[in-house]
Amino acid sequence: ITGTAGGIGSATARRLLSDGYATVLVDCNEAALQALAEQLNAGPESLQLLAGDLADMTFVESIAPRALERFGAIDVVVNNAAWRDLVTMREISPQSWQRTLDVCLTAPAFLSREVAKHFESRGRGVIVNIGSIMAQQAAGFAPAYVACKGAIESLTYDLAALYGPRG
């Protein structure tokens, strides 16, 4: 689960752990990950913490192999992490735009590709991409985030078309 230290991410972690899943918690905030792990009170046999920046493709590409090494299989990936500046298109910098795309769209796309390799070899797996109502109801701020959330919906359709028929 990416973006695990926040609201949706931590709630998802709680649910998956309660359903018996070994869970990999991914977030850029290592201290928040540690605090969440303590709250979850799960043993090391069911929990792995990976702190890193999803704008760093080396980190993104390391997530699936590290999870496989630790647990031997991946059943579900939840692309939840998000990043945004609350600024209008008039004010957003190219750097902020790019970071938002990297975290909110590029990382989920390539993490999905990495886990799908494993899913295809097993004939099953689940990719969950967290969207936002802002994809349809923009408010005039956070333009890169709004664009990403619309794009993540389209990416999800494309991933389903590509990987769905193979489990």
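What you are looking at is a predicted structure, and each value in this text was computed from that prediction instead of being measured. Computed over heavy atoms, backbone and side chain alike; hydrogens, waters and symmetry mates excluded.
Between Ser112 and Asn129, the closest side-chain pair of non-hydrogen atoms falls below 4.5 Å. Using a 4.5 Å heavy-atom cutoff, the side chains of Gln48 and Leu25 are not in contact. With contacts defined as side-chain heavy-atom distances shorter than 4.5 Å, the pair Phe141/Val87 does not qualify. Counting only heavy atoms from C-beta outward, the side chains of Val26 and Phe59 approach each other to under 4.5 Å. Residues Val76 and Ile127 have side chains not in contact (no heavy-atom distance under 4.5 Å, counting atoms from C-beta outward). Side-chain contact between Val126 and Asp75: absent, with no pair of heavy atoms (C-beta onward) separated by less than 4.5 Å.
A distance-only check finds no donor-acceptor pair linking the side chain of Asn80 to the backbone of Ile1 [under 3.5 Å]. Remark: the backbone N or O of Gly43 is paired with a side-chain donor or acceptor of Ser46 at under 3.5 angstrom.
The line from CG of Asn29 to CG of Leu36 is 10.5 Å long, rounded to the nearest 0.5 Å.
The closest side-chain donor-acceptor pair between Glu153 and Gln136 falls under 3.5 angstrom.
Classification of Lys117 and Glu120 as a salt-bridged pair fails, no side-chain N sitting under 4.0 Å from a carboxylate O. By the 4.0 Å N-to-carboxylate-O rule, Arg99 lies close enough to Asp53 to be salt-bridged with it.
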